[in-house]
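The structure appears below as structure tokens.
Below, read A as the first sequence line, B as the second, and so on, with proteins coming before strands; counting in each chain starts at 1. The figures that follow rest on heavy atoms only: side chains count, while hydrogens, waters and symmetry mates do not.
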Number of protein chains: 2
Amino acid sequence: MIQSVDRALRVLAVLQGARRRSLGEIATALELAPSTVHGIVRTLLAHGMVVQERDSGLYRLGPATLRLGNVYLDNLELRAHAQPWISELADRTGCAVRVAVPLGDDVVVVAAAPTPVEVGIVIPAHACALGKVLLAHGACVLPDRPRRMTGETVLSPRDPGIVRRTGLATEVEEAVLGECGLAAPVATADEVCGAIALVVPAADWPLPPTALAALHQTARAISRELGASTWPPQREEDAATA
Amino acid sequence: MIQSVDRALRVLAVLQGARRRSLGEIATALELAPSTVHGIVRTLLAHGMVVQERDSGLYRLGPATLRLGNVYLDNLELRAHAQPWISELADRTGCAVRVAVPLGDDVVVVAAAPTPVEVGIVIPAHACALGKVLLAHGACVLPDRPRRMTGETVLSPRDPGIVRRTGLATEVEEAVLGECGLAAPVATADEVCGAIALVVPAADWPLPPTALAALHQTARAISRELGASTWPPQREEDAATA
DNA sequence: AGTGCGTTTCGGCATAGTCGAACGAGCTTC
DNA sequence: GAAGCTCGTTCGACTATGCCGAAACGCACT
């Protein structure tokens with residue numbers, strides 16, 4: 001782990017927390033000398049990863065971050081393969097559909113239907129159905145101190161073995177009030193690379209069995225296109241206990 | 001400029017060029033020892049900025065880039081203020097509308113109407129109306145060797161003073177064949193922060209004067225919300241020659 | 001005009017990063 | 001089936017590099 005690169009990425013993480021920050025704020029947040037942070041920020045500045053407001057001197061994220069994120073999406077096979085399937089799934093079930101990938105203790109939405117507006121949003125893994133699936137397969141990790149999002153947020157996960165065996169996880173107003181979800185894993189030949197979820201208002205919960213079956217079909221179809229031979233994805237320990 | 005941070009960002013830039021790259025490819029592209037690149041990549045890996053494919057060992061951009069880009073968009077006042085205006089402008093003119101910001105010798109689209117699908121795309125500044133506006137105001141720079149996109153691409157810019165005085169720049173099939181555009185600057189109190197464009201098929205070109213006027217109105221309205229006092233934005237030298 | 005804050009610059013010291021070479025795994029070839 | 005190759009990865013030593021303290025600049029407010 002290279003120190004200065006690590007610090008640069010921490011600077012970007014700090015900048016994610018607020019619209020704009022002063023050099024001193026970043027320095028105290030990272031417990032570093034302002035001049036140290038200045039050198040890092042100047043380098044990020046040269047690459048457009050951060051910009052400095054002309055009048056106030058404050059720093060914020062720069063447009064190069066958007067370019068990176070967009071290239072990431074364009075190069076993501078999961079997204080390309082999932083897009084037509086989730087459009088059809090949204091039409092068929094009338095639900096909102098999301099596809100997400102793991103990112104540490106969060107999940108990031110990389111595709112959505114019927115509207116793509118949710119693409120890019122980040123949700124704590126322990127608070128959503130997508131995250132529970134990824135946690136069960138070891139693609140996400142639990143945060144040190146799980147954050148309570150709503151009164152319904154479950155801070156310690158149920159048996160992940162059940163999630164793995166059934167290939168399903170649920171979420172009942174645990175991330176945002178009035179929103180429920182049902183998720184299933186998506187895998188490549190050798191790992192669980194993401195999850196797909198149906199998201200509905202609490203009034204429409206629970207979902208009819210037809211929606212559940214449609215979700216299963218879609219997750220399996222996408223996984224097959226990505227090279228997975230079995231679905232739901234099996235792990236050695238589960239195969240042994242079965 | 002911190003060397004290792006600069007190199008890390010160069011690694012990300014290399015990764016933007018192809019879906020996936022091997023460690024050796026990155027090393028040769030940057031003219032560095034593989035072990036040096038390995039240290040950098042490992043750090044980026046720990047932060048989710050890159051991911052490594054389990055089977056092939058190849059590297060690609062990671063989901064953290066998407067999170068960064070999304071936060072950038074959320075924190076961008078230009079986008080927030082422009083969104084309602086460009087929706088209305090798209091309705092009124094029937095054209096596609098784009099708002100972009102400068103990024104070196106490129107422009108990055110940060111808002112679009114009627115559909116947001118173009119958000120995140122990158123266009124060389126010299127090849128599009130958006131870029132010509134930003135070039136004229138010094139927000140973009142010309143690349144060392146401008147790239148020819150179509151047969152119509154103009155490699156050396158016309159008089160930027162005219163663009164500044166009229167507040168308009170045009171684009172006739174210079175970036176993509178069959179696509180024409182008309183752009184105007186958007187400014188804050190002390191700088192040109194972006195540009196807004198109408199984009200239409202070549203068949204609908206030239207645009208009627210009403211569309212031109214609507215674009216002007218919208219650019220002025222957004223600029224006013226962002227704190228600009230005059231529009232089109234004036235530079236000292238132009239004010240002197242006037 | 002004075003004062004305060006925050007950004008920026010500069011130089012010495014020591015740490016942290018760079019590189020070369022060796023290791024190990026996976027794949028192809030013979 | 002075994003040997004060669006190529007790739008990613010690890011380790012250790014050298015020294016160049018980035019880190020920090022303190023001082024200077026610019027700006028806004030008093």
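In terms of phosphate contacts, B:His38 brings a side-chain nitrogen or oxygen within less than 4.0 Å of OP1 or OP2 of D:dT9. Contact check, A:Arg7 against D:dC19: a side-chain N or O comes under 4.0 Å of OP1 or OP2. Taking only side-chain nitrogens and oxygens, B:Gln3 comes nearer than 4.0 Å to OP1 or OP2 of D:dG18. Distances shown here put every side-chain N or O of A:Gln52 at or beyond 4.0 Å from the OP1 or OP2 atom of C:dG6. For D:dT9, the OP1/OP2 oxygens have no side-chain nitrogen or oxygen of B:Ser35 closer than 4.0 Å.
We find that CG of A:Leu32 is positioned 12 Å from P of C:dA16, with the value rounded to whole Å. In this structure, CE of A:Met1 is placed 16 Å from C1' of D:dT9, rounded to the nearest angstrom. Rounded to whole Å, the distance from CG on B:Leu45 to P on D:dG8 is 13 Å. Separating the CG atom of A:Leu58 from the C1' atom of D:dC27 is a distance of 13 Å, rounded to the nearest angstrom. Following rounding to the nearest Å, A:Glu53 (CD) and C:dG6 (C1') show an atom-to-atom distance of 15 Å. Rounding to whole angstrom units, CG of residue B:Asp6 and P of D:dA16 are separated by 19 Å. Nucleotide D:dG8 holds its C1' atom 7 Å from the OH atom of B:Tyr59, rounded to whole Å. Per the geometry, CZ belonging to A:Arg20 stands 17 Å off C1' belonging to C:dT7, to the nearest Å.
The closest side-chain heavy-atom distance from A:Asp106 to B:Arg67 is below 4.5 Å. For the pair B:Val99 and B:Trp85, the minimum side-chain heavy-atom distance is 4.5 Å or more.
Each of A:Gly57 and A:Val5 lies near DNA chain C, and the nucleotide nearest A:Gly57 is the one positioned closer to the 5' end. Residue-to-nucleotide proximity on DNA chain D shows that, of A:Asp55 and A:Glu31, the 5′-proximal contact is made by A:Glu31.
Nearest heavy atoms, B:Val192 versus B:Pro185: CG1-CB, 4.2 Å.
A salt bridge is absent between A:Glu171 and A:Lys132: the closest approach of a Lys/Arg side-chain nitrogen to an acidic carboxylate oxygen does not fall below 4.0 angstrom. We find that B:Arg20 and A:Glu77 are joined by a salt bridge, their nearest charged nitrogen and carboxylate oxygen being less than 4.0 Å apart.
Across all strands, B:Ile2 comes closer than 4.0 Å only to sugar-phosphate atoms, never to a base (heavy-atom distances).
Of the candidates C:dT18, D:dC20, D:dG8, the closest approach to any side-chain atom of B:Ile40 belongs to C:dT18. In the set C:dT18, C:dG17, C:dA21, C:dT18 carries the atom at the smallest distance from any side-chain atom of B:Thr36.
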